[in-house]
J.: 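Dropping a structure here in structure tokens format, bear with me for questions.
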Amino acid sequence: METGFDKSQLQAVELWWARTTGDHVRLRFVICLSLFLSSYLFVIDPLSVRLAAARSSHREVLKRENMAKELVYFADQLAIIEPRLVAEDDEVDWQNYVLDQLAAAGVQLASVEPRGVKSQHGFKLVEMEINARSTEYPALVDFVDRVEHGDRLVRIEKLTIVRQPSNLLLTCVLKGLVRPGLVRAEDD
């Protein structure tokens, strides 16, 4: 039966071992080298693989935590915004709302141009261009404040105020936010 080693190879290993054990410095070096290699192969390498897996898992947990925080933030924002959302996308109703705000601020309507209803991200936007006149700047500011902080969620875009000989002309584009399928609290 053949072991795969011939006699000369075994004698070379025995001679190397005898030289190594005979010299204390070389023996210490071989022991240190064997301890380092065995600790690297049997301790450090498996632990580094486990550490890499734990770091990857930790990154996934952090991503989920951030997503949960964002979800809580958006839920809080929805609780703030939802009472100001209305279910009607009727342009006449929105125009009446703007007329009420104009009257409350003491501003006269020059013209209203409806731009239609557009859908965006599950919401509907009612757009209209408003031209209003007033002799006083604070009345225009009051109108803008009433629209921005009113009962409905409205965004003002392209606001311009032009001074004319006898009054001030405010021109703006209003976008009213409507949530389709939203049920009002009064209807329950």
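For the numbers below, each heavy atom of this structure counts, side chains included, while hydrogens, waters and symmetry mates do not. Predicted model, so just to flag it, every value in this text is computed and none were measured.
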J.: Any chance the side chains of N167 and T135 put a donor and an acceptor closer than 3.5 Å?
T.: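 Judged by distance alone, the side chains do not pair up.
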J.: Atom CG of L174 and atom CD of E129: how far apart are they, to the nearest 0.5 Å?
T.: 9.5 Å
J.: Indicate yes or no: does E65 engage K69 in a salt bridge with an N to O separation below 4.0 Å.
T.: yes
J.: A side-chain contact here means heavy atoms from C-beta on lying under 4.5 Å apart; do V147 and V98 qualify?
T.: no
J.: What's the spacing between E136 CD and L168 CG if we round to 0.5 Å?
T.: 9.5 Å
J.: Are N96 and L99 packed together at the side-chain level, in the sense that at least one heavy-atom pair is separated by less than 4.5 angstrom?
T.: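 Yes, their side chains come closer than 4.5 Å.
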J.: So how far is it from H58 NE2 to K63 NZ, rounded to the nearest 0.5 Å?
T.: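 Rounded to the nearest 0.5 Å, the NE2-NZ separation comes to 12.5 Å.
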J.: Side chain to side chain donor-acceptor pair (under 3.5 Å): which pairs involve residues 12-31, sequence neighbours left out?
T.: none
J.: Can you name the side-chain hydrogen bond (donor to acceptor under 3.5 Å, both in side chains) partners of E157, sequence neighbours left out?
T.: R155, K175
J.: Tracing side-chain links under 4.5 Å among I, L, V, M, F, W and Y, which residues wind up in one group with L35?
T.: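 So far as hydrophobic clustering goes, L35 is joined with L27, I31.
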J.: Working to the nearest 0.5 Å, report the span between OG of S111 and CD1 of I130.
T.: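 It is 7.5 Å, given to the nearest 0.5 Å.
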J.: Kindly check if the number of other-residue, nucleotide or ligand heavy atoms within 6.0 Å of CD (E148) is above 12?
T.: yes
